[in-house]
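I have placed the structure first, in the form of structure tokens, so that the comments after it can refer back to it.
Side-chain atoms are counted along with the backbone in the values below, which use heavy atoms only and exclude waters and symmetry mates.
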Amino acid sequence: MEAFKILPVLKKKLAFLSGGKDRRSGLILTIPLCTEQTSMEELSATLDYLLSIPSEKCKARGFTVIVDGRKSQWNIVKTVVLMLQNVIPAEVSLVCVVKPDEFWDKKVTHFCFWKEKDRLGFEVILVSANKLTRYIEPCQLTDEFGGSLLYDHLDWLNKRLVFEKFTKESTSLLDELIVINENEKGSQFSNGLTLDFCPKCCFSPLITGHELLSELQQRRFNGSEGGGGGGGGTAWSPMDDELLAQPQVMKLLDSLREQYTKYQEVCRQRSKRSQLEEIQTKVMQVVNWLEGPGTEQLRTQWGIGDSIRASQTLQQKHEEIESQHSEWFAVYVELNQQIAALLSAGDEEDLMELKGLQQQLSDVCYRQASQLEFRQNILQSAHEFHMTAQDLSQQLDGLLGMLCADVTPADGAAIQQTLKHLEEKLKSVECALQSLREKGQVLLDQMSTQTSFSYGKDVSIENKENIDHIHSVMEDMQLRKQRCEDMVDVRRLKMLQMVQLFKCEEDASQAVEWLGELLDALLKTHIRLGDDSQETKVLLEKHKKFVDVAQSTYDYGRQLLQATVVLCQSLRCTTRSSGDTLPRLNRVWKQFTVTSDERQHRLEMASAFHTAAVKILRESPELAELMVDMEAYEEVETVGKGLLDRLTVPVIFPDGSEQFFGSPGDMASSAESIRERMKLVEEKRFLQEELVMVLLNL
């Protein structure tokens, strides 16, 4: 009988094996009667099922039946007790009828059970729930009887279903595996049964069995860790080995593993032969393609292109070839893994054949991969070479355009910046040319390597056209760079001359400014005429030196302007000349000359005035010299008046403009000093005239 067939009845819990034992180690069968009418047919079916679970050895120890009549009527209890005679007469040792608090008629019940005792074949006792422990240990009773044994009927039922399902499925699977393995011995492996058999169906029973066995071994089949202890205090469950659950599971699992191992060996042998044949076929497909179409594709691709676009086109074509090879290389990887798996199995009869296939496949694939990589490296080097050549060509074009453009810098600083930029451009070109040579040499070295496109035969690719192209590009770039260097030398010389030209013009303008500053200083600060002849002589000496400095400045400016003219002629710069610098220089020089001459005349007149005045103002002369002295007075007066008149006259420049020395106050101070000296001379003259008159009267 199977649980799933009477599952609704079992769920009603009309009777159950809680896992408890009596003092004789007999199983305890509990029949919980309820207030509702109990179906005897369903109870009988439940008892039949429960009694089919224990082993014969377990049954021989007898059952203790607990009939819980606390919620039922006496006639039902009596019917159930009598029914036990028909269901399990030999197995029942004791029937404990748990009576309610308000008990039935004691005499009737006692009489009935006593009357039927010999006929029933087992002892029936009436006992209240609290006195049930006189016959059964509390740890073997469930909680409804005041015991500590845990029992979950639904969990037990679910586990029982799992056990029966496992038993059924594993038995069916075991029969099928036995048939398959026996057929293999009779060389009937290809019948319909084995073809439809799915090896994965073995996993579910095995997994279920292991889980079930684990729970049985841990004594958790009824959903608890053990509800108490009997005798020695160890936990017990109705699916323990006493009910044959664990031994049955272990036996089925061992049989399944044994038959499944045989089946795996049968499948392995057949699969290995089939796999080996499939591998041989695929290996030859890979080898034939790589040595045929694959090799031919690489044989026809040997150019490097003559530009970046051409090299990119070749690279795209090579990528397409690599893509086709990748598909076959993927097959190679898969085959290599399959061969490695077969080799790890260690079958001596297939080892040599497998190793031969693996070696042949590896040799072909590695050689082809090497050729692909070799070709890819050449194309990459060619692409870098063309990129460098194009970059160098663009730099040379830019440098040439810069050299061919007219140089119209604003000043010397701009020329220096342009010259620096030109040198940087030339240095960048030199670096790019050196890089081109290095990349070209790398490419030449790669192409000079002997390549093999026919296995077992070395075939040298005709690279003369490619080599000539590389040398031609490098030589052309070298010639262009040399021409640019020559033009740079010329441009450098021209720009240095322009720097000198700007410097000369700048210095010439500076000379004009210096001369103007000297003129301004002459007019504003060189105004003193001296208080005596000695001071005036000193001022004359200083004036001469001052004029010499101005003369040197003027000469320096003239020389710079002459150099400017020479540089313009050398540079063929007709648009540039001395400009207005030379007229300005000449104009300032003429103004300075007129002013210095005027200053010279005034100082000379002042010197003559002071000399004559000092001569008169000396000690009184002898009488014989009086007439001479009178002429000296007239000279002093004439020179003094002339000097005073000159101080009031401005300096008139060649262009008609006028300019006074110093300020009016400065001129007034100088004139006052001369007038005071003339006054002293006049007083001296008056005294001398009186003296002459006195002497004449004598």
> Which pair of heavy atoms, one from Q395 and one from V429, lies closest together, and at what distance?
Replying inline: OE1-N, 3.5 Å
Would you call the rings of [X] and [Y] parallel, tilted or perpendicular, taking 30° and 60° as the class edges?
{"X": "W289", "Y": "W328", "value": "parallel"}
{"X": "W589", "Y": "Y554", "value": "parallel"}
{"X": "Y556", "Y": "W514", "value": "parallel"}

> With no hydrogens and no angle check, do the side chains of H421 and Q417 hold a donor and an acceptor under 3.5 Å apart?
Replying inline: no
> Under 3.5 Å, is there a donor-acceptor pair linking the side chains of H601 and R646?
Replying inline: yes
> Taking I321 as the fixed residue, which of Q297, Q376, R375 is the one that meets the side chain to side chain contact (heavy atoms under 4.5 Å, CB included) rule?
Replying inline: Q297
> When F609 is tested against each of E637, M678, E604, K641 for side chain to side chain contact (heavy atoms under 4.5 Å, CB included), which residue passes?
Replying inline: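 For F609, the side chain to side chain contact (heavy atoms under 4.5 Å, CB included) test succeeds with only one of E637, M678, E604, K641, which is M678.
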Using 0.5 Å steps for rounding, measure from the [atom1] atom of [X] to the [atom2] atom of [Y].
{"X": "Q600", "Y": "E598", "atom1": "CD", "atom2": "CD", "value": "10.5 Å"}
{"X": "Q534", "Y": "L539", "atom1": "CD", "atom2": "CG", "value": "10.5 Å"}
{"X": "H318", "Y": "S311", "atom1": "NE2", "atom2": "OG", "value": "13.0 Å"}
{"X": "I304", "Y": "H469", "atom1": "CD1", "atom2": "NE2", "value": "5.5 Å"}

>> In the structure I gave you, are the side-chain heavy atoms of S381 and M447 within less than 4.5 Å of one another anywhere?
In response: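 Counting from C-beta outward, S381 and M447 never come under 4.5 Å.
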>> Does any part of the side chain of L529, heavy atoms only, come nearer than 4.5 Å to the side chain of R599, both counted from C-beta?
In response: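 Yes, their side chains come closer than 4.5 Å.
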> Would the number of heavy atoms belonging to other residues, nucleotides or ligands and lying under 6.0 Å from CE of M387 be above 12?
Replying inline: no
> Do other residues, nucleotides or ligands put more than 12 heavy atoms under 6.0 Å from R309 CZ?
Replying inline: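 Incorrect, the count does not exceed 12.
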>> I'd like to know if the side chain of S472 and the backbone of D468 have a donor-acceptor N/O pair within less than 3.5 Å.
In response: no
